[in-house]
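Letters go in sequence order (proteins before strands), and every chain restarts at 1.
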Amino acid sequence: MSKKELAKTYNPSGMEDAIYQSWMDKGYFHAKVNPDKKPFTIVMPPPNVTGQLHMGHALDNTLQDILIRWKRMQGYEALWQPGTDHAAIATEVRVTNMLKEKGIDKHEIGREKFLEYCWDWKNEYGSRILNQLKKLGSSADWERDRFTMDEGCSRAVETVFCKLYEKGWIYKGSRIINWCPKCQTSLSDAEVEHEDQNGFFWHINYPVVGEEGRFVEIATTRPETMLGDTAVAVNPEDERYQDLVGKTLELPLTGRQIPVIADAYVDKEFGTGCVKITPAHDPNDFEVGKRHGLEEINILNDDATMNGLCGKYTGMDRYEARKAIVEDLKELGLLVKVVPHTHAVGTHDRCHTTVEPMIKPQWFVKMDEMAKAALDVVKTEDLNFVPEHFDKTYIHWLENIKDWCISRQLWWGHRIPAYYCDSCGEVVVHAGGAPSVCPKCGCTHFTQDEDSLDTWFSSALWPFSTLGWPDKTPELEYFYPTDVLVTGYDIIFFWVIRMVFSALEQTGKSPFKYVLIHGLVRDDKGRKMSKSLGNGIDPLEIIDKYGADALRLTLVTGNAPGNDMRFYYERVENSRNFANKIWNATRFILMNLDKSDVPETIDPDMLTGADRWILSRVNTLAKEVTENMDKFELGIAVQKVYDFLWDEFCDWYIEMVKPRLYSEEDPTKAAALWTLKQTLVQGLRLLHPFMPFITEALYQSVNDTDDSIMVSPWPVYKEEWNFASEETEIGTIKDAVRAIRTVRTSMNVAPSRKAKVYVVSQDAGIRKIFEKGRLFFASLGSASEVIVQEDKSGIADDAVSTLIHNASIYIPMEELVDIAKEIERLEKERAKLEGELKRSNGMLKNERFLSKAPAQKVEEEKAKLAKYQKLMDQVTERLSQLRK
RNA sequence: GGAGACGUAGCUCAGCUGGGAGAGCAACUGCUUGACGUGUAGUAGGUCACAGGUUCAAGUCCUGCCGUCUCCACCA
């Protein structure tokens with residue numbers, strides 16, 4: 001008797017947590033340096049500490065867990081390195097809001113106190129998302145859990161910062177950057193999204209000094225910035241304005257005078273061909289200003305209100321000021337016209353506030369050299385994208401990369417390790433706290449830079465900082481570089497690229513060999529799941545209702561790398577149904593195992609054709625699944641396991657074997673039981689990476705053991721279990737069974753009624769196969785009697801109903817219930833055959849086909865033609881009989 | 001403006017290196033046979049967007065075209 005009993009229906013709730021706990025207890029997730037094994041490493045994209053599990057995480061981590069579990073079973077020392085990200089701005093905003101609700105102002109309590117609240121927040125919510133990942137079945141090495149702001153990662157950050165600074169690749173400079181007026185911090189280019197917005201083109205006249213009544217007409221989408229204009233530019237080749245260059249204009253509303261300059265940046269064709277230049281508030285104008293030595297006049301406060309230089313507009317919000325300025329220009333008669341115009345506006349990707357270009361002293365990473373190195377690894381294939389075409393996105397971004405603005409005016413994050421000498425102002429970049437003495441003046445008092453680092457600066461180091469870098473730890477030596485990175489295409493720019501160039505620079509190696517890109521999980525209408533739409537589906541609810549296995553299967557089936565997918569409840573139900581199916585198959589096998597003993601090993605001679613067939617199939621399956629896993633085609637891999645278990649194993653093999661199991665004296669009963677168990681176990685192993693919980697439960701039940709499937713060996717293709725002839729044989733028999741079923745339905749033979757079946761063929765080989773298949777016809781085709789006969793005439797003499805494999809399968813006349821229906825069916829068959837004959841004949845008359853196609857193909861076609869011809873004769877004959 | 005992806009059964013999508021058009025769901029017709037109705041047997045439904053080309057042979061490769069979507073981009 002089996003110790004492990006299975007419930008009548010599959011019910012994942014409760015079961016999954018217990019199984020997960022047992023894995024944890026046994027320490028199976030923990031990977032150690034092991035010289036006897038090859039390492040396989042994946043670093044988990046660290047979720048935000050304050051985050052909540054969403055479908056994107058569920059998909060991302062399911063894929064990773066599949067790969068890790070698979071490699072672990074293959075005998076690799078598989079490390080899945082987990083951890084969380086401090087998520088600088090996201091967390092800071094949440095903590096700030098939380099404090100605001102309590103009536104606490106961030107700036108009143110100050111930096112240190114604020115950081116205490118942040119850490120409290122992190123400690124309270126930091127493990128929440130990790131626990132949610134556990135519900136999913138993630139087999140990450142939790143003992144190695146890391147945090148981007150823990151001691152080791154912070155040390156890595158400071159080390160990298162110092163090294164790059166010494167190299168001159170990190171510098172501080174006053175440059176134009178993206179400023180979020182709401183979050184009050186600088187942003188990198190990657191954090192700015194461009195949205196098309198409907199706006200206007202305001203055409204404004206600037207009077208030419210000294211020439212009464214002459215104006216230069218400029219066009220702008222942002223009139224308020226004119227207060228910061230320091231020139232008007234025209235194209236040097238523009239004939240219209242040749243004489244203007246060098247002249248002076250009066251800037252309306254300010255009384256300032258600004259020059260007209262010539263710069264090739266101006267497009268003659270666009271607008272009026274005259275561009276107002278505002279170096280302090282536009283990246284292009286900034287460049288123009290640099291070229292012409294123009295003054296940079298900042299007219300905005302950090303919150304995007306007009307600053308003290310704006311006269312009567314001081315204190316107004318930028319949009320209020322815009323209105324007021326347009327009104328005033330209109331009154332002065334300087335507003336020429338207003339034209340509707342849509343243009344791209346930069347917004348902050350987190351809060352969607354319109355970003356304001358501003359000149360601010362910020363820290364930058366020089367990108368040219370490191371970008372070059374990152375481009376090379378793709379070319380040398382040390383780094384490969386799956387699917388491949390994503391390398392184009394990667395290359396394009398790197399080829400157009402600008403220096404990376406890494407400083408943020410935030411408190412939560414790694415504070416920039418730059419110190420300013422209190423007496424002489426010397427900048428000292430120093431890891432591990434303030435330097436002791438100023439190298440310039442000997443002073444011992446320093447003030448640290450107030451800014452912190454872009455959150456991606458630390459996550460860029462994740463693949464090696466988590467393994468102990470900058471120390472040369474055994475883990476780093478053994479597990480690094482990692483094998484695969486699994487992530488969505490939406491963070492190639494933010495994260496993947498930055499990891500690659502950081503790793504190349506610091507470790508000299510690409511951080512991973514493959515980047516497996518997946519798409520977005522969308523709702524059933526194809527929309528992005530988002531908080532604002534409220535169309536998000538909570539993975540935890542799905543797990544509660546259908547189980548983690550069902551969720552995982554849903555996420556991975558039919559999902560090709562890089563493609564988005566839609567989430568349907570129907571698909572989850574189907575996954576759950578599959579779980580129930582294999583649950584019950586196992587239950588059925590267990591019931592039979594309970595009744596009799598199964599030998600540990602089997603005498604190969606005792607195996608029947610059906611046994612050898614299914615064993616061969618599961619053997620081949622192992623090969624196919626492995627091949628697809630190797631190519632990261634996880635969707636195809638799991639589809640194959642699914643089809644095998646449901647269709648071949650459950651619907652065919654188990655049904656084939658039932659008569660043997662129910663018989664007391666069948667000598668092959670033990671072989672059947674052995675094969676059932678053997679095949680099931682192999683199938684469960686192949687399924688385990690995808691559906692870890694249920695496979696574990698079933699594996700332990702059928703083996704009556706506490707040993708875990710997750711550390712059992714991955715099935716390997718073995719030539720001695722390849723039975724090609726049985727595969728063809730059973731294939732033929734399956735076709736015959738289907739044929740009988742079809743005949744029965746079309747003849748309206750009641751399912752309860754056993755029918756007499758004739759198999760007639762000229763082919764002795766086929767007759768032999770059908771002799772062997774007798775039993776299956778009886779049980780699977782509800783045949784009362786099966787008669788296999790030699791077909792001497794070439795045409796069956798009775799009700800020819802279906803024709804397959806050079807044989808006629810029929811149920812005699814007396815079983816016929818509806819002759820009209822039979823005629824109708826045969827007419828259809830005849831039409832089909834006519835088509836086939838036409839096609840086959842055509843091909844065989846095609847000289848080019850005959851001369852150029854492989855000989856084997858031609859032979860096959862000839863055989864087909866002969867077969868069709870013969871079948872046609874039979875159908876015709878039969879029809880004429882029936883019509884009588 | 002540049003780049004990429006997609007367009008296959010009513011719906012959602014597979015189809016890898018060219019040779020048989022597929023799955024799930026939905027629909028229709030049956031089935032209380034001793035694992036499972038979260039099941040089972042069967043049926044119907046497609047000019048593989050369109051037009052050319054390469055090839056003995058194209059959903060599969062090439063070109064063009066129509067449509068959908070995404071990403072990147074400083075046109076004031």
### Query
Reckon A/H341 touches a base, only the sugar-phosphate, or nothing at all at heavy-atom distances under 4.0 Å?
sugar-phosphate

### Message
Within the supplied structure, the quantity of interest is the number of heavy atoms (other residues, nucleotides, ligands) at a distance under 6.0 Å from A/E655 CD; does it exceed 12?
### Response
yes

#### Entry: Length of the CD1-P vector between A/I492 and B/C71, whole Å
12 Å

### Query
Taking the same atom, P, in B/C48 and in B/A5, what whole-Å distance lies between them?
22 Å

### Candidate nucleotides B/A41, B/C13, B/C74, ranked by approach to the side chain of A/R741 - the nearest
B/A41

#### Entry: Nearest-angstrom distance, C1' atom, B/G15 to B/A76
50 Å

### Nearest-nucleotide comparison on RNA chain B, the residue closer to the 5′ end among A/F588 and A/M565
A/M565

### Query
Can you tell me how far C1' of B/C36 sits from CG of A/N11, to the nearest Å?
15 Å

### Message
Using atom C1' in both nucleotides, what's the gap between B/A51 and B/G59 to the nearest angstrom?
### Response
16 Å

### Task
Take atom P in B/U55 and the same atom in B/C62, then report the distance between them in whole Å.
16 Å

### Query
With a non-hydrogen cut-off below 4.0 angstrom, is A/D643 in contact with a base, only sugar-phosphate, or nothing?
nothing

### Task
Side chain of A/Y265 only, please: which of B/A35, B/G39, B/C75 is the nearest?
B/C75

### Task
Indicate whether any N or O donor in one side chain lies under 3.5 Å from an N or O acceptor in the other, for A/N574 and A/Y642.
yes

### Message
Nearest whole Å is fine: how far is B/G4 P from A/E399 CD?
### Response
13 Å

### Query
Quick one: on RNA chain B, does A/K852 or A/G271 contact a more 5' nucleotide (nearest heavy atom)?
A/K852

### Message
Considering every strand and a 4.0 Å limit on heavy-atom distances, what is the contact class for A/R222: base, sugar-phosphate, or nothing?
### Response
nothing

### Query
From B/A76, B/G39, B/C74, pick the nucleotide closest to the side chain of A/K276?
B/A76

### Message
By nearest atom, which of the nucleotides B/C74, B/U43, B/A76 is closest to the A/T742 side chain?
### Response
B/U43

### Task
Assign the ring pair A/W583 / A/Y10 to parallel, tilted or perpendicular, where the plane angle (0 to 90°) is split at 30° and 60°.
tilted

### Pairing partner (Watson-Crick or G-U wobble, both distances under 3.5 angstrom) of B/U70
B/A3

### Query
C1' atom, B/A44 versus B/G22: distance in rounded Å?
16 Å

### Task
For A/G273, answer base if it contacts any base atom (sugar-phosphate contacts may also be present), sugar-phosphate if it contacts only those atoms, and nothing otherwise; contact means non-hydrogen atoms under 4.0 Å.
base

### Query
Taking the same atom, P, in B/G45 and in B/A58, what whole-Å distance lies between them?
25 Å

### Query
Over how many whole Å does the gap from A/I497 atom CD1 to B/C71 atom P extend?
16 Å

### Task
Please work out if A/F493 contacts a base, only the sugar-phosphate, or nothing of the nucleic acid, heavy-atom cut-off 4.0 Å.
sugar-phosphate

### Task
Describe, in one word, how the ring planes of A/Y546 and A/Y569 are oriented to each other, choosing from parallel (under 30°), tilted (30 to 60°) and perpendicular (over 60°).
tilted

### Message
Taking only side-chain N and O atoms of A/K658, does any of them lie within less than 4.0 angstrom of OP1 or OP2 on B/A35?
### Response
yes

#### Entry: Residues A/S575 and A/T554: side-chain donor-acceptor under 3.5 angstrom
yes

### Query
Touch check for A/D285, heavy atoms < 4.0 angstrom, all strands: base, sugar-phosphate only, or nothing?
nothing

### Summary
Picking from B/G34, B/A41, B/C13, the nucleotide nearest the side-chain atoms of A/D651 would be B/A41

### Task
Determine which nucleotide pairs with B/C11, using a 3.5 Å limit on both distances of a Watson-Crick or G-U wobble pair.
B/G24

### Query
Does a side-chain N or O from A/Y662 land closer than 4.0 Å to OP1 or OP2 of B/A35, or not?
yes

### Query
Any side-chain N or O of A/W397 less than 4.0 Å from the OP1 or OP2 oxygen of B/C71?
no

#### Entry: Modelled atom types, side-chain donor and acceptor of A/K545 and A/S13, under 3.5 Å
no

### Query
Going from CD1 on A/I614 to OG1 on A/T679, what distance comes out if it is rounded to the nearest 0.5 angstrom?
5.5 Å

### Message
Under 4.0 Å, counting only non-hydrogen atoms across every strand here, what does A/E388 touch: a base, just sugar-phosphate, or nothing?
### Response
nothing

### Pair assignment for B/G59, Watson-Crick or G-U wobble, requiring both distances under 3.5 Å
none

### Query
What nucleic acid atoms does A/W202 come within less than 4.0 Å of, heavy atoms only: base, sugar-phosphate, or nothing?
nothing

### Query
Counting only Watson-Crick or G-U wobble pairs whose two distances fall under 3.5 Å, which nucleotide matches B/A41?
B/U29

### Task
Could you check whether A/N574 gets within reach of a base, just the sugar-phosphate, or nothing at all, counting any heavy atom under 4.0 Å?
sugar-phosphate

### Task
Side chain of A/R566 only, please: which of B/G4, B/U12, B/C72 is the nearest?
B/U12

### Message
Quick check: any donor-acceptor pair below 3.5 Å linking the side-chain of A/E655 to the base of B/A35?
### Response
yes

### Message
Less than 3.5 Å apart, any donor N or O on the side chain of A/T342 or A/D196 sitting next to an acceptor on the other?
### Response
no

### Task
Assess A/K658 against A/F588: is NZ or CZ under 6.0 Å from the centre of the six-membered ring, and within 45 degrees of the ring's axis?
yes

### Rounded distance in Å - CD (A/E195) to C1' (B/U70)
15 Å

#### Entry: P-based separation of B/C66 from B/C75 [nearest Å]
25 Å

### Query
What do you reckon, do A/F270 and the base of B/A76 stack, with centroid distance below 5.5 Å and planes below 30°?
no

### Approximate separation, where rounding is to 0.5 Å, of A/I261 CD1 and A/T230 OG1
7.5 Å

#### Entry: Pairwise P distance, B/G64 and B/A3 [rounded to whole Å]
12 Å

### Query
In whole angstroms, how far is the C1' atom of B/A73 from the CG atom of A/D196?
11 Å

### Task
Have a look at A/R587 and say if it touches a base, only the backbone sugar-phosphate, or nothing, with a 4.0 Å heavy-atom cut-off.
sugar-phosphate

### Query
Considering the options A/Y514, A/F632, A/Y394, A/F390, which one meets the ring-ring contact (aromatic ring centres under 6.0 Å, His included) requirement together with A/F385?
A/Y394

### Task
Could you let me know what B/A35 is paired to, Watson-Crick or G-U wobble, both distances under 3.5 Å, or none if it's on its own?
none

Enumerate the protein-to-nucleotides 16-19 of chain B contacts in which both atoms are nitrogen or oxygen and the separation is below 3.5 Å.
{"from": "B/C16", "atom 1": "O2", "to": "A/K631", "atom 2": "NZ", "distance (Å)": "2.6"}

### Task
Can you figure out which of B/A76, B/U43, B/U40 approaches the side chain of A/K581 most closely?
B/U40

### Message
With a cut-off of less than 4.0 Å, is there a side-chain N or O of A/N563 near OP1 or OP2 of B/U70?
### Response
no

